[in-house]
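Input: a single structure, listed below in structure tokens.
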Amino acid sequence: MSRNWFTAIIGRLFWLLLACLIIGLALGQPAWALVVGLGIYLLHTLWQTRRLQHWLRTRPGEPPPEARGLWGSIFDDIYRLQRRDQRARGRLQAVIERIQTSTAALRDGVVMLDREGHLEWWNHSAEQLLGLRAPNDSGQHVHNLLRDPRFVEYFDKADYREPLNIPSPLSISTWLQYNITRYGNGERLILVRDVTRLHNLEQMRKDFVANVSHELRTPLTVLVGYLETMLDSEEGSNSRWLRPLNQMQQQASRMQSLLNDLLMLSRLETSDTRAEEKPVRIDLLLPDIRKDALALSGERQHEISLECHTSVALRGLETELRSAISNLVYNAVKYTQDGGQIQISWSQDEQGARLSVTDNGPGISPEHLSRLTERFYRVDSSRNSTTGGTGLGLAIVKHVLMRHQGELQISSTPGKGSTFTCVFPAARLLTES
Ligand code: ADP
């Protein structure tokens, strides 16, 4: 195309100059004739450029001004490009409108944010769930509109693998679940869902377990008390009832530990004890736990060693941390063969602090590892009934660690032993000063 234009321009100029030259020669003024010819050509070009500019400025998209020859094809080419562009824009607009109408019809709230966290667009459900108002809130930073500290922390932390459940800013009886996704060039999309029904069901479940466990405690204490009295009495210890009484007492104390563990789990799930957190010196807790573990081992003669490589304090709740660590150490004692070796180690590195309990017991097959922290999950239920386990120990450990922003890592080789490691983040550690 540009080559055609170029030859057309050169051709026109050539014929114009030739004509001027012939007329100039005939008039005896060839130089002036050439100057006049070039002047006319320049004026014509300026006039057409002016028409082009006028058309593009005042009537873009409308048919171009009439022109012949080279300028006519320039106008037509530009007009064709404009039409093509308009059609593409129309198609894109239709797609955007379709997406917006379908998103607007969603029951979940959708809020689009720019890179800095300013609101760009949201749907009707977001208005109802979060109380956003168009156009006033458009361009506002999300922190100005959703001020709950839990949301602000979640938003700024930028770890969106897990959703956030908190009450709605409009009513505390409505529970909302926030899911944030990053897209494009650092923009964020917030999906908001009303989870009040699920939240209430979950709350009912927690209350039910807590209430039942609590209510069962008193009758069970009475039963255990009478059983003890009967076993201590002369008739009980000599009669044919001795075996059944012993078994009843054994099972009753299992039920008591089960209820205690269930209550502990309910407390961990429901109470917010952040205000009661204090610096806890784990290195000072461990000797006591080791002593209790040696007592639990008794005649089974386990070797329990303790290594403390740091005296750093951990911000948290001493009772919960003690219970989590004890659970791991007691498990090692319960599941490791008599005379087995158990190592407890407490250390610190750049990432945080680690407490590990290693044993040379029977180990656990890989297929069980991911499910060990589920409630009542047991690798081998027959082994479990002899050890008196409740199946809730590792669930308690996991919950305690979650409340301390830690995590439980488990590695095990069947036949060789297991290592349970509690990893605490550096943010939880307090320097001695
Ligand atoms: P339990 O009260 O039954 O011990 P836990 O939740 O503490 O329940 O443990 C779950 C299961 O994990 C146990 O039933 C046991 O099979 C297995 N387990 C836990 N600790 C160890 C260990 N140190 N060595 C081998 N198996 C273990």
Side-chain angles (χ1 to χ4, degrees), residues 209 213 216-217 220 250-269 286 289-290 292-298 300-307 319-346 354-404 406-423:
V209 173
S213 318
L216 283 177
R217 244 166 43 153
L220 202 58
Q250 227 177 24
Q251 294 305 324
S253 73
R254 268 193 79 190
M255 268 166 84
Q256 267 183 326
S257 3
L258 192 62
L259 289 184
N260 287 340
D261 280 0
L262 279 172
L263 278 171
M264 170 92 180
L265 263 177
S266 317
R267 261 200 301 277
L268 289 173
E269 277 181 339
L286 292 176
I289 294 176
R290 176 174 174 269
D292 293 345
L294 282 170
L296 179 72
S297 168
R300 296 179 59 208
Q301 302 269 324
H302 292 99
E303 270 178 44
I304 305 179
S305 66
L306 171 59
E307 285 173 22
T319 43
E320 289 184 8
L321 290 166
R322 181 191 284 273
S323 149
I325 301 169
S326 306
N327 263 317
L328 294 181
V329 180
Y330 296 169
N331 269 355
V333 172
K334 279 192 296 187
Y335 297 109
T336 304
Q337 67 285 354
D338 295 1
Q341 283 161 359
I342 298 165
Q343 283 134 30
I344 309 168
S345 146
W346 171 235
R354 307 165 79 82
L355 179 117
S356 61
V357 180
T358 306
D359 63 58
N360 65 347
I364 305 158
S365 313
E367 71 268 19
H368 297 296
L369 292 183
S370 61
R371 300 195 57 192
L372 280 188
T373 53
E374 283 174 24
R375 281 159 208 219
F376 300 112
Y377 187 82
R378 278 139 182 185
V379 173
D380 175 356
S381 47
S382 60
R383 198 205 285 171
N384 211 266
S385 59
T386 50
T387 59
T390 61
L392 294 172
L394 292 179
I396 292 177
V397 175
K398 184 180 144 190
H399 262 82
V400 170
L401 292 183
M402 256 163 50
R403 278 155 72 92
H404 291 80
E407 66 166 324
L408 180 66
Q409 293 173 353
I410 309 171
S411 63
S412 186
T413 316
K416 292 220 164 122
S418 323
T419 301
F420 289 76
T421 310
C422 308
V423 184

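In each ligand, atom 1 is the first atom listed, and ligand 1 is the first ligand listed. This is a predicted model, so every value here is computed, not measured. For this chain, numbers begin at 1 and follow the sequence in order.
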If you count the atoms of ligand 1 from 1 in the order shown, which ones are under 4.0 Å from a heavy atom of [X]?
| X | value |
| --- | --- |
| Ile364 | 25 (C), 26 (N), 27 (C) |
| Tyr377 | 10 (C), 11 (C) |
| Gly391 | 1 (P), 2 (O), 3 (O), 6 (O), 8 (O) |
| Thr390 | 1 (P), 2 (O), 3 (O) |
| Ser418 | 24 (N) |

> Residues two or more places apart in sequence or in another chain: which of them pass salt bridge (Lys or Arg N to Asp or Glu O under 4.0 Å) with Arg300?
Replying inline: Asp338
Keeping [X] on the side-chain end and [Y] on the backbone end, is there a donor-acceptor pair under 3.5 Å?
| X | Y | result |
| --- | --- | --- |
| Arg217 | Leu259 | no |
| Ser253 | Gln250 | yes |
| Arg371 | Val379 | no |

> Taking the non-hydrogen atoms of His368, is any one of them nearer than 4.0 angstrom to ligand 1?
Replying inline: no
> Between atom CD1 of Ile325 and atom CD1 of Ile344, what is the distance when rounded to the nearest 0.5 Å?
Replying inline: 9.0 Å
>> Restricting to side chain to side chain donor-acceptor pair (under 3.5 Å), what partner residues turn up for Gln343, sequence neighbours left out?
In response: none
>> Can you check which of Thr336, Asn360, Val357, Asp359 brings a heavy atom nearest to atom 23 (N) of ligand 1?
In response: Asp359
>> With no hydrogens and no angle check, just 3.5 Å: does a side-chain donor-acceptor pair link Thr421 and Ser356?
In response: no
> Is the closest N or O pair between Asn331 and ligand 1 shorter than 3.5 Å?
Replying inline: yes
> N/O of Leu372 under 3.5 Å from N/O of ligand 1, yes or no?
Replying inline: no
